[in-house]
Amino acid sequence: MSDIQVQLPDGSSRSLPAGSSALDLAAAIGKRLAKDALAAEVNGELKDLAEPLPADAVVAIVTPGSENGRDVIRHSSAHVLAQAVTRLWPGAHYAIGPAIADGFYYDFELPGHAHFSDDDLGRIDAEMRAIIAEDQPFTRHEYTIDEGLALFKDQPFKVEIINAVAQGANDEEDLGEVSPNAVSTYSNSPAFTDLCRGPHVPSTARLGHFKLTRVAGAYWRGDERRPQLQRIYGTAWESDAALVAHLEFLEQAELRDHRRLGAELDLFSFPTEIGPGLAVFHPKGGTMRRVMEDYSRSRHVDGGYEFVNSPHIAKEDLFNTSGHLQWFAESMYPPMELDGGQKYYLKPMNCPFHVLIFKSRQRSYRELPLRLFEFGSVYRYEKSGVVQGLTRVRGMTQDDAHIFCTREQMPDELASLLTFVLDLLRDFGLNDFYLELSTRPEGKAVGTDQEWTEAESTLAAVALAAGLELVQDPGGGAFYGPKISVQARDAIGRTHQMSTIQLDFQTPQRFEATYIASDNARTQPIMIHRALFGSVERFMAVLIEHYAGNMPTWLSPEQVRVLGVRDDHDAYARYVADALALDGVRIHVDEASEPLGARIRKAKLEKIPYILVVGDDDVDKGTLGVNARGSNDPERGVTLSAFRERLAEEIAVHGSPEAK
RNA sequence: GCCUGGGUAGCUCAGUCGGUAGAGCAACGCAUUCGUAAUGCGUAGGUCAGGAGUUCGAAUCUCCUCCCAGGCUCCA
């Protein structure tokens, strides 16, 4: 028997008898590796351990702690979930069950269109653990299309998948388990076979560090016109330690949830009397908003923006001209009728108003780029199931601007705009970004192919030049143009969509907005839509979660609280507060009606950046005790002037907040 | 909009078999005067989300509506 050569990740090569599998390779390398091995990456593709290796292959053994290893574990866990459900609900149809970030899911249709309830999770979990204890091997088989159709004749979703590929439809879908002439399956017992490309762990015994998390409805193939299936989500890991760490991460994320902190810190609320997705900002949240908006305004002044204002409602015709009633109507509140049948709509966007400001008189090329800025409140009738805290609301304020420029100015304008955006976000303490390019939405767009192509390639070039990671989002653009959105990663690694920059050739055309060019010709400007916060509400939510409520001093609603040790120190406390208030510091005195410890605790729970404690020594010497947020080590004897300087400097440079 | 779960005092929650509402914290009052994360005592606080039904009797069982959470679809 001749040998084959394989190359390992470290560059070395090994010689193995022909027909050897990746498991044989692992065993040849070491006992420990053979025990850990879950699958193999062969010439860049994930394969089962048991599969014979081709000659001259580049092979990496996939072990549990790696990303590939986790994917295999999660995918295999999904199979075990499906097997458990078919055991408990004989006749259940199973659809798809992939690995996802941190876990897996599987979609089912239960006999009689029954639904899972939360209580079912415990039974399914127990059944999965029984299957895992049975140590069932995963074995791969390949069949012809016809054999595959016969094998899954009782599984309509599998039949649909096989047929779709066999007929060459859906070429955009990644269905590696079916190729035009063969289907592959995995059986982990004679009683359960699934259509699957693999690979899988060698045996169910390699699984078990999982938790079923929730049940949900999910449309077949993500299409709301197709039947809704029953989905079960789970998380799965290579060890109990990793599982526990993940569950703890989820708990941490919950502690910094802006909805929870918004109530705890008395920032905002959603009174049911007002309606879903409609927030009120309390004094503290209102202060935070004001500071954010004021800072944004001053940056926009520096950035060459003009400030404008527009009303919240407008006549039907405006939104016909803009195209909103044609393309965006389902997100708009129904009209109100007045003045004998005239319909008025709440505005879902500010752009039509800004175009009218542009059009209010003749414009010259000398005025361009013209940048019109407004904190514009818009209303969108979001479907009832999608509103969520401040991140998805029905009434919001956008830090919205529309830039009118010439075609020639467009690339430079976009490039400087991107710099402007990133600088502003950095000033708020967000530092980790990537860009997403959203292109023409299928079947829901105005304008010619050529215009879209030009807009998309211009945006792509600017994004590329920014040197940030660029992710494609095909079909994600607005109806009037493609967009770049800036995604920010927060302190615990989650990403949030922040700023959007959209190119628009259509709106100026629809409104017949023109300027007089240097050659005296009436010319259509390009319009750039951009919102840097996205919405003030969402931006605040992201900041609250990023900082876990510990807002940097410049953004904190209350920056300093002064506590007298005894009530005969209150006068000095008020003197200190008055002095700092003259600098514009947001400061309060908590008078000594309760014990000092209780007042300190209260201030700490409110996440106030600085607590000043003043007693006999301080009254004598004109000093303060400074207890900074995040510190367990209060300073004593700090002079008022020293603290005053330090605070002013921190606020001026926006400080260095403890984000973690 | 669809699927699952939930809604009891300002907040967090208990409330057994259907028998008429309870705790802690917060609030308020009085006392306490204190040097870095909870002083003591007392008082008040509820149309059990709303409505309808079953029942002698409903926080509890049934139905409808509203709202919230997690998903799906959608999105700033």
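Since this is a predicted model, take the numbers as computed values, not measurements. Note on naming: letters A, B, ... go to the chains in the order of the sequence lines (proteins, then strands), and numbering restarts at 1 for each one.
Across all strands, A/R231 comes closer than 4.0 Å only to sugar-phosphate atoms, never to a base (heavy-atom distances). Within 4.0 Å of A/G615, counting heavy atoms only, lies at least one base atom of the nucleic acid. Residue A/G217 is in base contact, counting any heavy-atom pair closer than 4.0 Å across all strands shown. Nucleic acid contact class of A/S485 (heavy atoms, under 4.0 Å, all strands): none. Among the protein residues, A/V378 comes within range of no part of the nucleic acid, since none of its heavy atoms lies under 4.0 Å from any strand. Residue A/Q228 is in base contact, counting any heavy-atom pair closer than 4.0 Å across all strands shown. If you check every strand for non-hydrogen atoms under 4.0 Å, A/G222 touches sugar and phosphate atoms only. Contact annotation for A/D618: base contact, defined as any heavy-atom pair under 4.0 Å involving a base atom. Residue-level contact check: A/F533 touches neither bases nor backbone, having no heavy atom under 4.0 Å from any strand. Across all strands, A/Y233 comes closer than 4.0 Å only to sugar-phosphate atoms, never to a base (heavy-atom distances). The residue A/R392 sits close to a base: some heavy atom pair falls under 4.0 Å.
The P atoms of B/rU54 and B/rC63 are separated by 15 Å, rounded to the nearest whole Å. Rounded to a whole angstrom, the distance from the C1' atom of B/rU60 to that of B/rC11 is 24 Å. Comparing the same atom, C1', in B/rU32 and in B/rA59 gives a spacing of 41 Å after rounding to whole Å. With P as the reference atom, B/rA49 and B/rG7 are 8 Å apart, rounded to whole Å. Separating the C1' atom of B/rG51 from that of B/rA44 is a span of 30 Å, rounded to the nearest Å.
Applying the 4.0 Å criterion to OP1 and OP2 of B/rA76, one finds that A/K483 has a side-chain N or O inside that range. Side-chain nitrogen and oxygen atoms of A/H115 include none within less than 4.0 Å of the OP1 or OP2 phosphate oxygen of B/rC3. Using a 4.0 Å cut-off, no side-chain N or O of A/S117 falls inside it from OP1 or OP2 of B/rU4. For B/rC68, the OP1/OP2 oxygens have no side-chain nitrogen or oxygen of A/Q388 closer than 4.0 Å. An OP1 or OP2 oxygen of B/rC34 is reached within less than 4.0 angstrom by a side-chain nitrogen or oxygen of A/R566. The side chain of A/R259 places an N or O atom within less than 4.0 Å of a non-bridging phosphate oxygen (OP1 or OP2) of B/rA69.
Here the closest non-hydrogen pair linking A/P311 and A/F353 is O-CE2, 3.7 Å.
Ring centroid separation for the pair A/Y106 and A/Y233 does not come in under the 6.0 Å cut-off. Taking the six-membered ring wherever Trp is involved, the centroid distance between the rings of A/Y381 and A/Y333 falls below 6.0 Å.
Under the Watson-Crick or G-U wobble criterion, with both distances below 3.5 Å, B/rC2 is paired with B/rG71. When Watson-Crick and G-U wobble pairs are counted only if both distances are under 3.5 Å, B/rG46 pairs with no nucleotide at all. Across all strands shown, nothing is found opposite B/rA76 as a Watson-Crick or G-U wobble partner with both distances under 3.5 Å. Partner assigned to B/rA9 is none, using Watson-Crick or G-U wobble distances below 3.5 angstrom. Nucleotide B/rC61 has B/rG53 as its partner under the Watson-Crick or G-U criteria, with both atom distances under 3.5 Å. The nucleotide B/rA14 finds no pairing partner, because no Watson-Crick or G-U wobble arrangement with both distances shorter than 3.5 Å includes it.
A/E382 contributes a side-chain N or O that forms a donor-acceptor pair with the base of B/rA76 under 3.5 Å. Between the side chain of A/D118 and the base of B/rU4, no donor-acceptor pair under 3.5 Å is found. For A/Y381 and B/rG1, a side-chain-to-base donor-acceptor distance below 3.5 Å is absent, hydrogens and geometry of angles not being considered.
Geometric assessment of A/R231 against the ring of A/Y105 yields a positive cation-pi assignment under the 6.0 Å and 45° thresholds.
Ring geometry for A/F328 versus A/F479: interplanar angle of 30 to 60°, hence tilted.
Where A/K604 and A/A592 meet RNA chain B, the nucleotide closest to each residue was compared, and A/A592 sits on the side nearer the 5' end. Taking for each of A/L624 and A/P276 the nucleotide of RNA chain B with the nearest heavy atom, the 5'-most of the two is the partner of A/L624.
For A/R380, counting side-chain heavy atoms from C-beta on, the closest listed nucleotide (B/rC75, B/rC34, B/rU36) is B/rC75. Closest approach to the A/T272 side chain among B/rA37, B/rC72, B/rC67 is made by B/rC67 (side chain taken as heavy atoms from C-beta onward). Taking every side-chain heavy atom of A/I600 into account, B/rA37 is the closest of B/rC34, B/rG1, B/rA37. Side chain of A/D616, nearest nucleotide from B/rC67, B/rA38, B/rG35: B/rG35. Listed nucleotides B/rC3, B/rA76, B/rA38 differ in distance to A/Q230; the shortest reach to its side chain belongs to B/rC3. Among the nucleotides B/rU39, B/rC72, B/rC3, the one closest to the side chain of A/Y219 is B/rC72. Minimum atom distance to the side chain of A/D617 is reached by B/rG35, of the listed B/rG35, B/rG1, B/rA76. Counting only heavy atoms from C-beta on, A/L596 has its side chain closest to B/rU36 among B/rC72, B/rG71, B/rU36. Taking every side-chain heavy atom of A/A216 into account, B/rG70 is the closest of B/rA37, B/rG70, B/rU33. The nucleotide whose nearest atom lies closest to any side-chain atom of A/N627 is, among B/rU36, B/rA76, B/rU39, B/rU36.
Going from atom OG of A/S117 over to atom CZ of A/R123 covers 8.5 Å, rounded to the nearest 0.5 Å.
The pair A/D427-A/R299 counts as a salt bridge, with a side-chain nitrogen and a carboxylate oxygen less than 4.0 angstrom apart.
Between A/L612 atom CG and B/rU36 atom P there is a gap of 16 Å when expressed in whole angstrom units. In this structure, the CG atom of A/L250 is 15 Å from the C1' atom of B/rG71, given to the nearest Å.
A/T439 and A/K483 share no side-chain donor-acceptor pair at under 3.5 Å.
Screening A/K284, A/R629, A/R601 against A/E606 for a side chain to side chain donor-acceptor pair (under 3.5 Å) leaves a single residue, A/K284.
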